[in-house]
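Here it is, the structure, as C-alpha cells.
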Amino acid sequence: MLSVLVLRSNQLYGTISDIVGDTKSGECFPSLQIIDLASNNLSSNLRPQWIKQLKSMMAVFNSSGKTLSTLSTGYAAELFYQYSIEISYKGGDMQFPRMLTTVTAIDLSNNRLEGTIPESFGSLVSLRVLSLSHNGFTGNIPYQLGSMTDLESLDLSCNQLSGEIPEELTNLTFLGSLNLSNNHLVGQIPQSRQFSTFDSSSFGGNTRLCGLQLPKSPCGGSPHTPSAVQANKSSRHVSLCRAGLWCRICCCCSGEMGADQQMVCSNCKSF
C-alpha cells in the first residue's frame, strides 16, 4: 500500500479532497505516513473526514521503527529498496536516506487553503511533523492539537489565526520546533514545559501577543495601534500572503512594492 505521497512544488490546484479521494469507502490511504503537498495552488477548506482516514498516523501503528521496505508485500526485490526523501523538518529541509515507520509528516504549506484548522488533526497522535504555514487559515488554534504528543515540529506561521494559544499545546513535550509567527494571536504565551525554550522567532508578528519571549510586548501593556497607512499596508500584505505571492518569499509581511514590481521586505531587505 502507498506509504509516501510527495507532490510538492508543482502547479496542482483544486481541493485536498480531490487528491485524497472519496472517503466514503473508509479506505483512504490507510498506510500513508508522509503527505507532502507543499508549494502548490491547492485551495478551499480541509475536510475533517479524510484526516480521520489516516490510520497509520494514529495510535501505535508506527512504533516498530522498521524501514518501509520491510513492510511491503515481501518480494525479494523490494527488500533491497529503501525510500529516500527530503521533507521540511524543524524549520528546515532534512534528507531522510531511510524512511522508518516512526517518520510521519504532513506538509501542506505554501498553498491557498482557508477556513479553520480541523480539530480532527488531534487524532493523529503518532504524527511527528505538521506544517500548515503560508496559507489563509482563520479561527482559533484547536486545543486538540495538544493530543499529538509525539509531535516534534509544528509550523502554523503566516496565516490569519486568532485567539489565544491553547494551554494544551504545552503537553507537546517532544516539540523541538514551533512557529506561530505572523498571525493575529492574542493574550499571554504559555510558559510551562517546552514553551519556555522557544524564543521570539516562534511568536513574532502577533501584535497583541505578550510574554517573556516578546520583551517588547510585556503583558499588561497597551498593544500598539497601527496607523491608517500601516493598516492599509497590512491588508495588502495579508492578501499577498493568502495568494501565496509574498509569504513564500518572506514571512515578515512588512515591505514595499519596488519599482520593478517586486516586494521588498523592510525588515530583512529580501525580495
Side-chain angles (χ1 to χ4, degrees), residues 1-73 75 77-78 81-90 92-115 117-118 120-135 137 145 148 150-156 244 248:
M1 291 187 178
L2 185 65
S3 298
V4 177
L5 178 64
V6 178
L7 296 172
R8 67 157 47 219
S9 300
N10 285 287
Q11 299 182 41
L12 301 177
Y13 60 90
T15 68
I16 296 292
S17 57
D18 291 337
I19 296 178
V20 176
D22 185 6
T23 60
K24 294 181 180 179
S25 65
E27 292 295 331
C28 179
F29 296 155
S31 299
L32 199 59
Q33 67 180 72
I34 301 287
I35 303 177
D36 188 350
L37 304 176
S39 300
N40 283 288
N41 289 300
L42 300 172
S43 58
S44 191
N45 299 355
L46 286 180
R47 294 174 55 187
Q49 292 82 358
W50 74 259
I51 295 176
K52 296 178 181 179
Q53 301 300 319
L54 302 175
K55 302 299 183 181
S56 62
M57 300 182 185
M58 301 177 184
V60 295
F61 285 89
N62 293 286
S63 61
S64 64
K66 298 178 181 178
T67 60
L68 286 183
S69 59
T70 63
L71 298 177
S72 54
T73 56
Y75 293 105
E78 294 179 351
Y81 179 79
Q82 295 175 339
Y83 291 99
S84 178
I85 188 174
E86 182 176 280
I87 61 175
S88 296
Y89 184 73
K90 294 187 177 182
D93 292 333
M94 178 175 290
Q95 183 79 27
F96 287 84
R98 295 194 311 165
M99 291 302 299
L100 303 180
T101 58
T102 53
V103 179
T104 51
I106 296 178
D107 190 348
L108 305 178
S109 62
N110 288 301
N111 279 287
R112 301 179 64 182
L113 301 173
E114 55 189 8
I117 296 176
S120 53
F121 270 116
S123 64
L124 307 182
V125 294
S126 67
L127 191 65
R128 302 300 179 98
V129 178
L130 176 61
S131 179
L132 304 177
S133 66
H134 301 87
N135 280 289
F137 288 111
L145 298 188
M148 305 165 68
D150 279 350
L151 202 63
E152 299 177 10
S153 179
L154 176 63
D155 191 348
L156 305 179
R248 290 189 188 181

Distance (rounded to the nearest 0.5 Å) between Gln53 CD and Ser123 OG
10.0 Å
Any donor and acceptor pair, going by atom type alone, linking the side chain of Asn45 with main-chain N or O of Thr15 inside 3.5 Å?
no
What one should report as the nearest heavy-atom pair of Lys52 and Met58 is O-CE, 3.2 Å
Below 4.5 Å, heavy atoms only, C-beta onward: do Leu108 and Ile106 meet side chain to side chain?
yes
Spatial distance of atom CG (Asp107) from atom OG (Ser153) [nearest 0.5 Å]:
9.0 Å
Test side chain to side chain contact (heavy atoms under 4.5 Å, CB included) applied to Ser43 - qualifying residues, sequence neighbours left out
Arg112
Could you give the distance from CG (Leu127) to CZ (Phe121), rounded to the nearest 0.5 Å?
8.0 Å
Minimum side-chain heavy-atom gap Leu113-Phe137 below 4.5 Å
yes
Those residues at least two apart in sequence (or on a different chain) that pass side chain to side chain contact (heavy atoms under 4.5 Å, CB included) with Asn10 are Leu7, Leu12, Asn40
Using atom types as modelled and distance alone, determine if a side-chain donor or acceptor of Ser126 lies under 3.5 Å from a backbone N or O of Met57.
yes
To the nearest 0.5 Å, what is the distance between CG (Leu145) and CD1 (Ile117)?
6.5 Å
How long is the span from the CG atom in Asn135 to the CG atom in Asn110, to the nearest 0.5 Å?
7.5 Å
Consider side chain to side chain contact (heavy atoms under 4.5 Å, CB included). Of Thr104, Leu130, Leu124, which one does Leu151 pass it with?
Leu130
State the CD1-CG distance between Ile35 and Leu5, to the nearest 0.5 angstrom.
6.5 Å
Nearest heavy-atom pair of Asp36 and Arg8: which atoms, and what distance?
OD2-NE, 2.8 Å
Tell me the closest heavy-atom pair linking Leu32 and Val4, and the distance in Å.
CD1-N, 3.8 Å
Side chain proximity check, Val125 to Met148, heavy atoms < 4.5 angstrom:
no
Over all heavy atoms of both residues, which pair between Asn111 and Asn41 is shortest? Give the atoms and the distance, please.
OD1-N, 3.4 Å
